[in-house]
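Data first, discussion second: the structure below is written as structure tokens.
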Amino acid sequence: MSNHKSDFIRTIVERGFVQDCSDIDALDALASKEVLTAYIGFDCTAPSLHAGSLLPVMLLRWLQQTGHRPIVLMGGGTTKVGDPSGKDQSRQLLSVERISENMAGIKQIFSKYLLFGDGQSDAIIANNADWLDKLKYIELLRDYGCHFTINRMLKFDSVKLRLDREQPLTFLEFNYMILQAYDFLELARRYNCRLQMGGSDQWGNIINGVELGRRVDQLNLFGLTSPLLTSSSGAKMGKTAAGAIWLDKKRTSTYEFWQYWRNTEDGDVGRFLRLFTELPLEEIAKLESLEGNELNEAKKILANNVTAVCHDQDAASVAAKTAQQTFEGSGISFDLPTIEIPDADLVVGIAAFEIFHMAGLTNSKGEARRLIKGGGCSVNDKVVGSELQTVGSSDINADGIIKLSVGKKRHMLVRPI
């Protein structure tokens, strides 16, 4: 147990959210005596957040649940520039219309995790385009550029790693850290925001904001980062062979979302229970000590709890039942993800490698070919013998569907239309 005074700092330290903090003792003292306003920024590069973004979302949730006020900062302005952190290449520049569409999708996600309103600890959504779009370039350089040295900016990982790999860094991207620092200053002025949080790859950008606030307005601001998560095997969070695991159920079905967490590697169960659920630490300690088949029950508890918040409790229960029917019952459940294919196409027949790719079970047709050659694909629970084997009307079972499987854990139903 930590010795911190504030519920917020004690909770996030004990659950593993903290990697670095500019002054954790002073931040703890502040959070123990007043309502702390803190923010995390989310650029609008996709129409939804994925499971890899869930850690910062949960960090904001814990902030609110311990009595403080979260700000969700939408990067309507910074998305036009592109964050170079952790990237070898420049981000694709998006149109203003696409950024707005993405922002609308991301906003919907937060309504499941945070309470918005006018109360003292109610969450706020802000858009940095509200102030960045109005900045005048010469005034920005004159008023704020003087507080940044090229010498120091070149030492930050977001810049240094790109240059070390001899990859180009545009002047546009080089400005990103200045704009992010200005965001912190603006939020401090508008909302008395004292803390910026983010992933560990944002440490340099966050510290720039802390220092800008001190130099320009003599503010005592704080920065806090969380570890960048990978699984025990080194896999990136929120990604599978079939693509991203989105928090929007229109993009990733509830079953696929539940199954992603159910498939957590053994060594990650305790860590993920602490980060992504609100179960008491004592209960988590018991669950992560389980072994063998009993540990699988802990994984189901993880999947149920994460899915219940993201999708709702009823959806989580249906997903759990679907998995049970699929793996422990008859081998099929009608709640599995489904694609519809014209009956005329099935009459002709579709090459196995093509239909597995069409179903989203592989990232490419080449991957589908490799999986089939390795005996990793099945149709109606029978292994596909050849990549050129056709799947068609003759495979439609008595229930009027075709079941496609990759391994034992990923399934898709094909329904003729």
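Residue numbers run from 1 in the order of the sequence given. Just so you know, these numbers use all the heavy atoms, side chains as well, and skip hydrogens, waters and symmetry mates.
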Name the atoms and distances for all side-chain donor-acceptor pairs under 3.5 Å in residues 112-122, with sequence neighbours left out.
from: K112; atom 1: NZ; to: C310; atom 2: O; distance (Å): 3.2
from: D122; atom 1: OD2; to: D118; atom 2: N; distance (Å): 3.2
from: D122; atom 1: OD2; to: G119; atom 2: N; distance (Å): 2.7

### Query
Between the side chains of Q196 and Q180, is a donor N or O closer than 3.5 angstrom to an acceptor N or O?
yes
In the structure I gave you, are the side-chain heavy atoms of L224 and I206 within less than 4.5 Å of one another anywhere? no
By side chain to side chain contact (heavy atoms under 4.5 Å, CB included), C377 pairs with (sequence neighbours left out) F356, L371, I372, V384, V406
Side chains of N304 and W261: do they bring a donor and an acceptor to under 3.5 Å? no
L404 vs V379 side-chain heavy atoms within contact, under 4.5 Å = yes
Nearest heavy-atom approach of N380 to N397 is OD1-ND2, 4.4 Å
*asked:* Would you say that P47 contacts D248 through its side chain, given a criterion of any heavy-atom pair below 4.5 Å between the two side chains?
replied: no
TODO: Using only heavy-atom distances, determine whether the side chains of T78 and D43 contain a donor-acceptor pair under 3.5 Å.
DONE: yes
- request: Flag the pair D395 and K403 as a salt bridge only when some basic side-chain nitrogen lies within less than 4.0 angstrom of an acidic carboxylate oxygen.
  value: no
Looking only at heavy atoms, the pair that brings R369 and F353 closest together is NH2-CZ, 3.1 Å
- Query: Counting only heavy atoms not in R271, do more than 12 fall under 6.0 Å of its CZ?
  - Reply: yes
Check the pair F42 / F110 against ring pair (Phe, Tyr, Trp, His ring centres under 6.0 Å), numbers first and verdict last. CA-CA 11 Å; F42 297 86; F110 284 98; 5.0 Å; yes
Original post:
Would the number of heavy atoms belonging to other residues, nucleotides or ligands and lying under 6.0 Å from CD of Q108 be above 12?
Top reply: no
